[in-house]
Amino acid sequence: MPESASAPISTPTPAPPSGPASDRTARLGALSGLLSGLLITLPSLVEAFTGETAATSFFLALSPAFSLPLLVALHRRQAAVTGRFGEAAHVVNLIGLGLFGGAAFAANLVLFHFDEDVIDENLTGPTIPALIGSAAVFAVGCALFGTAMVRARVFPRVPSWSYATALPLFAFLIALPDSLFTSALHIVVGATLTWLAVDLWRPGGAADRAARSA
């Protein structure tokens, strides 16, 4: 008798993570991202009229820490679509956010309370290059991860493009003197994070688009 031909084994396409654990991760990331966006937007609205104050600097210093869970949740939601590029972009963005967040924390809660002469006298050696390098890694990471979001089409286009363009710009212009322009840029960044967080939380939002893309 002729041997029966074996049917080829097909490898199933990986689906986006789902279930109670991933839902909890998404919701925690969304809540953290919403808080991060508000901690940028609301103080920046105040600073547009009053200038930088100790209170607004305090809240701005905390914002990067709350954006870390948001970044992880955004990546998990679109990981099945973005592939290796998305994974690399997520890692670079995560490292850059950690470096930039530490620099922002020090600038808003420590350097803010020193006179300019004291700051110029003590910020010597590798400190300035290290701060510039932190901003550069953050900018590159945001540009890469924003590009991954634009290509994946899991999240809305407007905040995805804003993440890829406004956040890298924000990394280098944050050191400029306070003005309406810098306050407006802060508000754009805060609104971008808030929009992504809301879409991540909303039923039928990013989850459905991720399933269709996969």
Side-chain angles (χ1 to χ4, degrees), residues 12-46 59-60 62-94 96-98 100-101 104 138 141-171 183-214:
T13 302
S18 60
S22 62
D23 289 343
R24 285 195 298 270
T25 300
R27 289 181 180 274
L28 288 173
L31 287 174
S32 296
L34 181 61
L35 183 57
S36 177
L38 292 177
L39 286 174
I40 298 177
T41 304
L42 297 180
S44 299
L45 286 172
V46 174
F59 291 113
L60 287 169
L62 300 179
S63 176
F66 289 102
S67 61
L68 285 167
L70 173 65
L71 176 58
V72 173
L74 294 175
H75 171 65
R76 285 173 60 89
R77 181 68 77 195
Q78 65 178 15
V81 185
T82 56
R84 293 182 178 179
F85 176 78
E87 186 70 34
H90 171 244
V91 171
V92 176
N93 200 181
L94 200 62
L97 181 56
F100 185 75
F138 175 71
C142 289
L144 291 175
F145 191 75
T147 301
M149 286 196 292
V150 171
R151 292 172 58 182
R153 299 183 181 181
V154 171
F155 297 98
R157 283 186 172 272
V158 172
S160 297
W161 276 106
S162 180
Y163 196 102
T165 56
L167 267 71
L169 186 66
F170 174 74
S183 295
L185 185 58
H186 276 75
I187 293 171
V188 169
V189 170
T192 298
L193 299 180
T194 302
W195 191 339
L196 290 171
V198 170
D199 190 76
L200 187 64
W201 178 279
R202 184 170 58 86
D208 286 352
R209 289 192 294 272
R212 289 197 301 270
S213 298

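Each residue takes its place number in the sequence, starting with 1.
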Trainee: When you look at Val72 and His90, which way does the side chain to side chain contact (heavy atoms under 4.5 Å, CB included) test go after all the steps?
Mentor: CA-CA 8 Å; Val72 173; His90 171 244; 4.2 Å; yes

Trainee: Sequence neighbours excluded, which residues qualify as side-chain contact (heavy atoms from CB on, under 4.5 Å) partners of Leu45?
Mentor: Thr41, Leu42, Ile187

Trainee: Got a second to check how far Leu94's CG is from Leu71's CG, nearest 0.5 Å?
Mentor: 5.5 Å

Trainee: Can you tell if the side chain of Pro159 reaches within under 4.5 Å of the side chain of Leu196, non-hydrogen atoms only?
Mentor: yes

Trainee: Measuring from atom OG of Ser67 to atom CG of Leu193, what distance do you get when rounded to the nearest 0.5 angstrom?
Mentor: 6.5 Å

Trainee: Once side-chain contact (heavy atoms from CB on, under 4.5 Å) is applied, do any residues pair with Phe59, and if so which ones, sequence neighbours excluded?
Mentor: Leu39, Pro43

Trainee: Report the residues that fulfil side-chain hydrogen bond (donor to acceptor under 3.5 Å, both in side chains) with Ser36, sequence neighbours left out, ordered by chain and then residue number.
Mentor: Ser63

Trainee: Please examine the side chains of Leu35 and Leu62, heavy atoms only from C-beta on, and report whether any two atoms are closer than 4.5 Å.
Mentor: no

Trainee: Report the residues that fulfil side-chain contact (heavy atoms from CB on, under 4.5 Å) with Val46, sequence neighbours left out, ordered by chain and then residue number.
Mentor: Thr50, Thr56

Trainee: Heavy atoms, side chains only, cut-off 4.5 Å: are Thr147 and Phe85 in contact?
Mentor: yes

Trainee: Can you give the donor-acceptor pairs under 3.5 Å from side chains of residues 162-171 to other protein atoms, not counting sequence neighbours?
Mentor:
{"residue": "Ser162", "atom": "OG", "partner": "Thr192", "partner atom": "OG1", "Å": "2.6"}
{"residue": "Tyr163", "atom": "OH", "partner": "Asn93", "partner atom": "OD1", "Å": "2.7"}
{"residue": "Thr165", "atom": "OG1", "partner": "Trp161", "partner atom": "O", "Å": "2.8"}

Trainee: Hey, could you give me each pair passing side-chain hydrogen bond (donor to acceptor under 3.5 Å, both in side chains) that has a residue in residues 80-89? Not counting sequence neighbours.
Mentor: His75-Glu87

Trainee: Roughly how far apart are Ser160 OG and Arg153 CZ, rounded to 0.5 Å?
Mentor: 11.0 Å

Trainee: Return the CG to CZ distance between Leu74 and Phe145, rounded to the nearest 0.5 Å.
Mentor: 5.0 Å

Trainee: About how many Å separate CG of Leu70 and OG1 of Thr194, when rounded to the nearest 0.5 Å?
Mentor: 9.5 Å

Trainee: Are any non-hydrogen side-chain atoms of Leu60 and Ser44 less than 4.5 angstrom apart?
Mentor: yes

Trainee: Going by the rule side-chain contact (heavy atoms from CB on, under 4.5 Å), which residues pair with Ala104 if we only count those two or more places apart in sequence or in a different chain?
Mentor: Pro64, Asn108

